[in-house]
Amino acid sequence: MFKMMVEIPGYSYPIIFERGIGSRLGSETKKIFRGQNIALVTDENVARIYGREIRESLEGQGFTVNIIAVPPGEKSKSLSVLEYLYNSLLDAGTRRDSLIIAFGGGVVGDLGGFAAATLMRGIPLVQIPTTLLAQIDSSIGGKVAVDLPRGKNLVGAFYQPKAVYIDFNFLNTLEKRFLRDGLGEVVKYAAIRDRKLFDYLLDCSGEECVDFEKVIPHCCFIKKEIVVEDEKDRGERMLLNFGHTLGHALEKYFHYEKFTHGEAVAVGMYVFTESSELMGWTKKGTAVLLKRLLDKFFLPSSLPIVKVDRIVEIIKEDKKNFDTGINTVLLEEPGKAYIKNISFQNLDLIYSLLSGQLVEGKG
Ligand code: ADP
Ligand code: ZN
């Protein structure tokens, strides 16, 4: 068992890393929740695999449990599914002294978390992320949200859970594609902050040999540090967006169908690193190492055929970008990142970054 406290001003909560903690959920919950009524929000896949075990564990400790399962996939992060969820929660007798457990991947964490944040102005929440991506990404920061037809995560809140439980066993049933999806973000953490992790991953022969029991807490630690440093207003949090400017645009361009999030981020990381190396903004040899790492986990790196104009438009619409330009995260070398503002006046440069037609030394 390994426990990490996340401390934000005025509030702190533990992330508990423990193999098998999912099957002991009842007794764990007993330690932090004195009420009776628990609503377990999950998706149909996760409910099928783990629903019974979780229910038995919670009921074994005398809790009343209602499992609410939504269809799997991003489409469930919609206002209509949210309304369905509110109604199901109320039907299940959820009140302010109940507990909502969001049990599933990022979709369930965001949707269930947002419902918990808003129903009756807030119901206590426990997060149990079951995908690699959710375990290393969504457990810290307290961001919860649903989508609107015009864009992802447009309706959301910051809502801190009472606790987060991370059980490595859940990864055993995860499809390979979703494991690799999360590995895209693992590579990101290594690339921006941790040369040792970067080298460790380079030494692995593939995802089978990655020791997730070490890597997951490590990534969570990096994220926590960056988020906490950001409280001191150093813009550090932006480093977590490495690969995401182009990654998000690609996801949107292909209507979230061609790439998983981690795959799109992988392309974003590599394309920008390759170009910034040519510009002399990144140490030579970095891009080739990054590519070697991505190849290892069967993550894509090259830009597919796209209309570059449209991609630039999407980047400009992104709510995170300033009117004047985009703050891109570039690597100094593997393990070290920095922020560089590229102005929209310099569209040429952005075009070149994307189309890989950079002239060395330009800009
Ligand atoms: P993400 O965490 O990548 O945002 P989702 O919440 O969409 O992703 O989950 C990805 C897919 O994996 C969904 O189809 C979900 O039902 C499934 N899933 C989540 N956790 C597990 C698990 N532990 N075992 C098997 N499938 C899972
Ligand atoms: Zn991401």
Side-chain angles (χ1 to χ4, degrees), residues 19-23 25 40-51 53-54 67-78 81 101-114 127-141 143-147 152-153 164-192 212 216 219-220 222-223 226-227 237-252 256-257 259-269 299 318 320 329 337:
R19 190 174 284 284
I21 198 171
S23 44
L25 190 60
L40 190 95
V41 179
T42 185
D43 75 27
E44 287 157 3
N45 292 338
V46 179
R48 190 161 11 92
I49 308 174
Y50 297 106
E53 183 187 4
I54 296 278
I67 297 184
I68 304 168
V70 301
E74 185 73 25
K75 287 202 170 66
S76 280
K77 277 176 61 179
S78 67
V81 174
I101 300 180
F103 179 65
V107 167
V108 163
D110 278 1
L111 172 76
F114 187 73
Q127 292 272 16
I128 308 181
T130 61
T131 63
L132 176 58
L133 185 64
Q135 291 188 342
I136 60 174
D137 198 36
S138 351
S139 33
I140 302 154
K143 284 187 183 174
V144 291
V146 295
D147 304 334
K152 280 179 79 165
N153 298 328
V164 178
Y165 300 129
I166 293 183
D167 184 345
F168 314 108
N169 282 347
F170 291 136
L171 304 184
N172 298 338
T173 53
L174 201 58
E175 273 176 44
K176 264 218 154 80
R177 184 161 192 221
F178 291 116
L179 194 66
R180 289 173 183 157
D181 181 22
L183 278 161
E185 292 277 350
V186 171
V187 170
K188 179 197 78 177
Y189 285 115
I192 61 171
F212 287 106
I216 291 171
C219 290
C220 288
I222 295 175
K223 178 159 185 185
I226 291 181
V227 170
R237 202 167 180 148
M238 213 177 280
L239 297 181
L240 295 169
N241 278 336
F242 179 48
H244 282 60
T245 302
L246 179 55
H248 279 147
L250 285 171
E251 283 183 276
K252 191 161 184 186
Y256 302 93
E257 278 159 10
F259 294 117
T260 63
H261 177 68
E263 288 167 347
V265 168
V267 175
M269 291 191 289
L299 286 161
D318 192 320
K320 285 193 202 74
V329 182

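Nothing fancy with the numbering, it's 1 onward along the sequence. As the structure lists them, so they are numbered: ligands from 1, and atoms in each ligand from 1.
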(message) Set out, in order, the CA-CA distance, both residues' side-chain angles and the distance that settles side chain to side chain donor-acceptor pair (under 3.5 Å) for Thr173 and Tyr50, then state yes or no.
(response) CA-CA 10 Å; Thr173 53; Tyr50 297 106; 2.6 Å; yes
(message) Using side chain to side chain donor-acceptor pair (under 3.5 Å), reason through His244 and Glu251 one step at a time and then give a plain yes or no.
(response) CA-CA 10 Å; His244 282 60; Glu251 283 183 276; over 6 Å; no
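Counting heavy atoms from C-beta outward, Cys220 and Ile166 have side chains that approach closer than 4.5 Å. Side-chain contact between Tyr256 and Lys152 is present, with at least one heavy-atom pair separated by less than 4.5 Å.
To the nearest 0.5 angstrom, Asp110 atom CG is 8.0 Å from Asp147 atom CG. Rounding to the nearest 0.5 Å gives a distance of 5.0 Å between NE2 of His261 and NE2 of His248. Here NZ of Lys143 is found 8.5 Å from CG of Asn153. Values are rounded to the nearest 0.5 Å. Note that CD1 of Ile222 and CG of Leu240 are 9.5 Å apart. Values are rounded to the nearest 0.5 Å. Distance OG1/Thr131 to CD1/Ile136: 8.5 Å, rounded to 0.5 Å.
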List ligand 1's nitrogen or oxygen atoms that come under 3.5 Å of a protein nitrogen or oxygen, with the partner atom and distance.
from     : atom 1 : to     : atom 2 : distance (Å)
ligand 1 : 2 (O)  : Gly106 : N      : 2.6
ligand 1 : 2 (O)  : Thr131 : OG1    : 2.6
ligand 1 : 3 (O)  : Asp181 : OD2    : 3.3
ligand 1 : 4 (O)  : Gly106 : N      : 3.4
ligand 1 : 6 (O)  : Gly106 : N      : 3.1
ligand 1 : 6 (O)  : Val107 : N      : 3.1
ligand 1 : 14 (O) : Asn45  : ND2    : 3.1
ligand 1 : 16 (O) : Asp43  : OD1    : 3.1
ligand 1 : 16 (O) : Asp43  : OD2    : 2.7
ligand 1 : 16 (O) : Asn45  : ND2    : 2.9
ligand 1 : 20 (N) : Thr130 : OG1    : 2.7
ligand 1 : 23 (N) : Thr130 : O      : 3.1
ligand 1 : 23 (N) : Phe170 : O      : 2.9
ligand 1 : 24 (N) : Thr173 : OG1    : 2.7

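Below the 2.8 Å limit, the Zn ion (ligand 2) has as protein N, O or S neighbours Glu185 OE2, His244 NE2, His261 NE2.
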